[in-house]
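Working notes, beginning with the structure itself.
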Amino acid sequence: MLKVKENNPITSSDARASIASIAQQAGVSTATVDRVLNGRPGVRAATAQRVLKTAAEQGYLPDSDLYKATQAPAMRVMFLLPSGMNRYLNMLGDYAGSAHEQLDRYNVHCRSRYVDGFDPQKLAETLLRESKHADGIAFMALEHPVVREAVNILAERGVHTVTLISDLSRSARKAYVGLDNRAAGRSAGLLMGRFVGPRAGKVAMIAGSRYYRGHEEREMGFQHILEEKFPALDLVGLREGKDDAATNYLQSRLLLEQYPDLVGIYNIGGASDGVAKAMKEAGRDQNIVFIGHGLTPDTRALLIDGSMDALLNQNLHQTVVNTVRIFANVRDGLEPMTGIEPTQISVIFSENLP
């Protein structure tokens, strides 16, 4: 039970009057105020904090009790991300694990772990295993039944999940934090068509994996806008590079050899340095339009040297903070997306590098 200030004792009648006053100002019932001040369950965290703040303003609580009482319960959140050479995802994991000062006010403690991002069974097993040590898990989903089932099992256990960058359909995840990937693909296609200009020729796509719903949506958006607006550009299909620089390099070499009239490459996933390496070796880095995703040190260098023309980016800081806020909202009994703005697509060129 919370105690009133010892130097300002309140009689039983005074206490009733104070409770009524607190209830009126906080917009709740006296029964709710009584539950909160006596530490009994059954009141949403956000409501309890409002009651305690009001009680403190009316001099009913000492400051030390207010701090303890209004601090939301600590929450353990894991960022479970694909392992490998996707530098953007590595940067996301590093930031989530180190941004303690920025996240302190939410009382959410984050750590990062990496898992084979292209194996649905391993991802599902890791989700189930790590749920024993976390109150919430944010992860880049693979569109697969075993992953969906794992998320639904976690929901039954009271472990909340948020999908990052690529969503998971028909699942019990709490929210998705990422781009509208279909719009991102269409934006990439529009950029491709404008950069290529009046030339006719082949355009290729390289993705991490079709298991990522986000990559599939980007592919569809890119394909559809080329068909609608740029009929002189002929799509030659999609290659999977597993977000691996060496694989992307080999795939790009094969494309360059197979299609001498290749005029554009859209890298839907990561490891753009592998694509650029193949283009440079072939002496084609300045006449093939190259569009990618994710601002990292390597893509920054590619924009500066002109081998990459543009990239679409999802802000790392906003991604982590929005994810943490969603988990805090769920903990506090609020709707998950309360106060969360949709993730915006940033288009970055060499001339507007942040």
Minimum heavy-atom distance [X]-[Y], with the two atoms named:
X: D273; Y: A245; value: OD1-CB, 3.7 Å
X: K122; Y: V115; value: O-CG2, 4.1 Å
X: G214; Y: S166; value: N-OG, 2.7 Å
X: V263; Y: R199; value: CG1-NH1, 4.0 Å
X: N313; Y: L295; value: OD1-N, 2.8 Å
X: L255; Y: L262; value: CB-CD2, 4.3 Å

Electrostatic pair [X]-[Y], nearest N-O below 4.0 angstrom:
X: R253; Y: E257; result: yes
X: D285; Y: K280; result: no
X: K242; Y: E240; result: yes

Residues, nucleotides or ligands: over 12 heavy atoms within 6.0 Å of [X] [atom1]:
X: E335; atom1: CD; result: no
X: R157; atom1: CZ; result: yes
X: R129; atom1: CZ; result: yes
X: Q24; atom1: CD; result: no
X: Y211; atom1: OH; result: no

Could you walk me through whether D309 and L191 pass the side chain to side chain contact (heavy atoms under 4.5 Å, CB included) test, one step at a time?
CA-CA 9 Å; D309 295 279; L191 289 167; over 6 Å; no
Check: [X] side chain, [Y] main-chain N or O, donor-acceptor pair, under 3.5 Å:
X: R50; Y: A26; answer: yes
X: T47; Y: V43; answer: no
X: T299; Y: G294; answer: yes
X: N329; Y: P336; answer: yes
X: D119; Y: D116; answer: no
X: D243; Y: G269; answer: no
X: D234; Y: G201; answer: no
X: D261; Y: A200; answer: no
X: R300; Y: P354; answer: yes
X: R113; Y: M78; answer: no

[X] and [Y]: side-chain donor and acceptor closer than 3.5 Å?
X: S21; Y: Q58; value: yes
X: T319; Y: Q314; value: yes
X: R331; Y: H160; value: no

Atom pair [atom1]/[atom2] of [X] and [Y] - distance to nearest 0.5 Å:
X: M279; Y: L302; atom1: CE; atom2: CG; result: 7.5 Å
X: R210; Y: I268; atom1: CZ; atom2: CD1; result: 8.5 Å
X: L127; Y: T161; atom1: CG; atom2: OG1; result: 8.0 Å
X: L164; Y: N322; atom1: CG; atom2: CG; result: 10.5 Å
X: I291; Y: L311; atom1: CD1; atom2: CG; result: 8.5 Å
X: D298; Y: K277; atom1: CG; atom2: NZ; result: 13.5 Å

Quick one, R182 with E219, criterion salt bridge (Lys or Arg N to Asp or Glu O under 4.0 Å). Give me CA distance, side-chain angles, the key distance, then yes/no.
CA-CA 8 Å; R182 191 178 180 86; E219 176 192 359; over 6 Å; no
Measuring only between side-chain heavy atoms, which start at C-beta, is [X] closer than 4.5 Å to [Y]?
X: C110; Y: V324; result: yes
X: R186; Y: L190; result: no
X: I340; Y: I326; result: yes
X: Y212; Y: S209; result: yes
X: R173; Y: Y176; result: yes
X: S187; Y: L312; result: yes
X: T30; Y: I22; result: no
X: V320; Y: L103; result: yes

Yes or no on side chain to side chain contact (heavy atoms under 4.5 Å, CB included) for D104 and H100, after CA distance, side-chain angles and deciding distance?
CA-CA 6 Å; D104 183 62; H100 305 298; over 6 Å; no
[X] and [Y]: same hydrophobic cluster, using ILVMFWY side-chain contacts below 4.5 Å?
X: L316; Y: F327; result: yes
X: F118; Y: I165; result: yes
X: L250; Y: I265; result: no
X: I348; Y: M308; result: yes
X: Y114; Y: Y88; result: yes

Could you check R239 against L254 for side chain to side chain contact (heavy atoms under 4.5 Å, CB included), going step by step and ending with a plain yes or no?
CA-CA 10 Å; R239 310 291 177 93; L254 291 173; 4.3 Å; yes
Using the rule given for side chain to side chain contact (heavy atoms under 4.5 Å, CB included), can you reason through T323 versus F79, listing the C-alpha separation, both sets of side-chain angles and the distance that settles it, and then say yes or no?
CA-CA 10 Å; T323 302; F79 281 73; 3.8 Å; yes
Could you pull out every donor-acceptor pair under 3.5 Å between side chains of residues 137-150 and any protein atom, sequence neighbours left out?
residue	atom	partner	partner atom	Å
E143	OE1	S169	N	3.3
E143	OE2	R148	NH2	2.4
E143	OE2	S169	OG	2.5
H144	ND1	V146	N	3.2
R148	NE	S169	O	2.8
R148	NH2	S169	OG	3.4

Go through the steps for E130 and R111 under the test salt bridge (Lys or Arg N to Asp or Glu O under 4.0 Å), then give the verdict.
CA-CA 11 Å; E130 295 299 329; R111 61 191 181 96; 3.5 Å; yes
Please collect all ring pair (Phe, Tyr, Trp, His ring centres under 6.0 Å) contacts where either partner lies in residues 253-289, sequence neighbours excluded, each pair once.
F222-Y266, Y266-H293
